[in-house]
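First the structure, in the form of structure tokens, and then the observations on it.
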Amino acid sequence: MLQVSVLRAAPEAVKQRLAKKNFKDLALVDTIVQLDDERKKLQASFDDTQAKVNAASKEIGMMMGKGDKDGAEVLKQNVATWKQTLEPLKEQMAVVEKQLADALVQLPNLPAAEVPEGKTPEENVTVRSGGNIPTLGANAVPHWDLTKKYNLIDFELGNKITGSGFPVYIGKGAKLQRALIQYFLDFNTAAGYTEYLPPFMVNAASAYATGQLPDKEGQMYHATEDDFYLIPTAEVPVTNVYRDTILKEEELPVKMTAYSPCFRREAGSYGKDVRGLNRLHQFEKVEIIQIVHPEKSYAVLEEMVAHVEKLLQSLELPYRILRLCGGDMGFASAITYDFEVYSAAQERWLEVSSVSNFENFQTNRMKCRFKGADGKTQLAHSLNGSSLALPRIVACLLENNQTDAGIELPKVLQGYFGAGMIDN
RNA sequence: GGUGAGGUGGAUGAGUGGCUGAAAUCAGUAGUUUGCUAAACUGCCGUACGGGUUAAACUGUACCGCGGGUUCGAAUCCCGCCCUCACCGCCA
């Protein structure tokens with residue numbers, strides 16, 4: 001959530017930056033400033049009247065003590081009159097505050113200066129790439145054939161048990177999941193991240209704090225009986241560790257990592273895009289999250305990008321890093337880097353990680369602050385990224401490393417998997 | 001799911017209608033003093049939204065789990081909800 005003070009200070013600049021993010025309803029900025037003006041006016045007059053009531057009440061108490069019943073009666077009359085004006089003020093304030101809050105959560109975060117102009121994914125900018133795209137043999141097949149051939153994943157069985165998009169991992173397929181999760185977590189904790197195993201369901205307050213609510217309600221599975229949401233990413237429960245918290249400056253940076261299954265309802269498109277592991281309703285992911293001093297967040301962003309890049313390099317997969325253009329970025333993000341790996345049999349790039357700086361957009365909603373050396377309390381910055389999402393990594397590992405003898409695994413996984421090759 | 005107890009500031013914990021935004025202790029912090037380690041003493045030490053100031057000072061309102069009610073006045077009384085703990089039941 002943007003801070004009203006930022007809108008008030010430079011409404012036109014805010015509108016320009018919102019436009020870069022392809023946000024249409026720019027008049028909302030002026031509406032918010034007006035509502036805030038109104039809110040202030042109402043509060044001032046409410047506070048003044050309430051102050052009179054409080055003072056009179058105190059006096060009544062003293063008069064009663066002295067036995068001056070008549071004097072007290074007169075004051076009671078006054079209080080009664082003031083309170084009549086108080087009621088409508090209170091109601092108006094509630095209305096204005098609600099309008100203000102509703103308007104405020106509709107504004108997406110402002111894009112950083114480095115964010116490229118653009119509206120569609122085609123306008124994202126490739127920052128750099130690495131690894132080698134393999135040349136596959138003539139009989140190479142996509143991963144959905146490989147998972148069947150080696151009996152790693154049964155998609156039809158998932159259909160029976162739950163529905164489409166809920167694959168069942170079997171045997172070496174299941175073990176490969178476990179190996180990847182373990183490796184990713186070890187890689188992250190070695191870099192100073194503390195491991196969390198969070199709840200996989202959250203309450204509405206948590207979903208609101210990280211920005212999933214109110215506007216992405218339909219993308220989450222909702223257990224209505226208890227009003228809990230299945231998490232779409234570990235970012236939600238883990239970032240909320242620091243909701244309503246005032247940290248000490250020396251506690252920053254907070255570095256956290258967590259494995260979780262991720263649940264996404266997203267209807268999505270059909271055909272090639274959702275075939276096999278490309279898009280699922282439930283998948284596994286390891287996430288990294290940092291809460292940092294505002295002056296450091298852009299340096300930390302680069303650090304996190306380099307961290308994920310090293311992880312991909314260790315998996316020996318061909319990858320590229322994109323800086324997302326304004327129109328393709330998420331609602332809460334100020335700047336986002338996407339990581340894609342090349343799926344050699346499908347001959348397409350698949351997104352496996354997204355690393356973002358949210359600046360104080362999430363922390364403002366969450367009220368996650370820190371007390372600086374000057375004793376002043378201010379909002380921290382939050383960042384997060386995937387390291388990594390499993391399904392598309394698995395798709396690429398299988399496709400890119402297929403040989404007639406089986407699927408070769410990168411060295412870093414062999415110890416975790418207990419073998420260097422997936423074969424029959 | 002049942003029964004009982006309880007939710008107060010960073011922590012412990014007092015407070016059953018006005019003198020309480022909240023005692024006391026601990027922790028934290030600034031300073032004084034004893035040569036260091038350590039201790040003693042003194043001050044400060046919640047959050048939000050306003051007014052005010054170059055910035056402070058100062059000042060108004062709200063907040064004692066959340067929401068509502070009674071009252072001139074509520075942490076304190078009443079109602080609803082949420083949560084925690086204990087025991088029982090069920091159970092991986």
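The analysis underlying the following values was restricted to heavy atoms, covering all of them including side chains, and did not include hydrogens, waters or symmetry mates. Model, not experiment: these values are computed from the prediction. Sequence lines set the chain letters: A, B, ... in the order given, protein chains first and strands last, and positions in each chain run from 1.
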Spacing between [X] atom [atom1] and [N] atom [atom2], to the nearest angstrom:
X      : N     : atom1 : atom2 : value
A:F46  : B:A62 : CZ    : P     : 7 Å
A:K76  : B:G18 : NZ    : P     : 15 Å
A:F228 : B:C82 : CZ    : C1'   : 11 Å
A:L379 : B:U47 : CG    : C1'   : 13 Å
A:N78  : B:G73 : CG    : P     : 13 Å
A:N54  : B:G17 : CG    : P     : 20 Å
A:D244 : B:G10 : CG    : C1'   : 15 Å
A:D47  : B:U59 : CG    : C1'   : 12 Å

When we call it a touch if two heavy atoms are under 4.0 Å apart, what does [X] touch: a base, just sugar-phosphate, or nothing?
X      : result
A:L75  : nothing
A:K371 : sugar-phosphate
A:D48  : nothing
A:A51  : sugar-phosphate
A:Q43  : base

So, does A:E284 use its side chain to make a donor-acceptor pair with the main chain of A:L390 at under 3.5 Å?
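No: the side chain of A:E284 does not pair with the backbone of A:L390.
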Heavy-atom nearest nucleotide on RNA chain B for A:K52 versus A:I60: which residue maps closer to 5'?
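The answer here is A:K52.
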If you measure from the Lys or Arg side-chain nitrogens to the Asp or Glu carboxylate oxygens, is any gap between A:D47 and A:K40 under 4.0 Å?
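No salt bridge links A:D47 with A:K40.
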Separation between the [atom1] atoms of [N] and [M], rounded to whole Å:
N     : M     : atom1 : result
B:C77 : B:U71 : C1'   : 10 Å
B:A74 : B:A62 : C1'   : 14 Å
B:G43 : B:G51 : P     : 34 Å
B:G69 : B:U76 : C1'   : 15 Å
B:U70 : B:C45 : C1'   : 37 Å
B:G13 : B:G6  : P     : 14 Å

[X] side chain: which of [options] is closest?
X      : options             : value
A:R369 : B:A48, B:G50, B:A56 : B:A48
A:K58  : B:U47, B:C19, B:A56 : B:C19
A:T377 : B:U47, B:U61, B:G51 : B:U47

Just checking A:K15: does its NZ atom have more than 12 heavy atoms from other residues, nucleotides or ligands closer to it than 6.0 angstrom?
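Count over threshold, so yes.
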Intermediate values then yes/no, side chain to side chain contact (heavy atoms under 4.5 Å, CB included), A:L277 and A:I153:
CA-CA 10 Å; A:L277 292 167; A:I153 301 174; 3.8 Å; yes
Parallel, tilted or perpendicular for A:F331 and A:F361, by the 30°/60° rule?
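Geometry flag for A:F361 against A:F331: perpendicular rings.
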For the pair A:R39 and A:D36, evaluate salt bridge (Lys or Arg N to Asp or Glu O under 4.0 Å) and give the outcome as yes or no after the intermediate values.
CA-CA 5 Å; A:R39 196 204 97 242; A:D36 194 49; 2.3 Å; yes
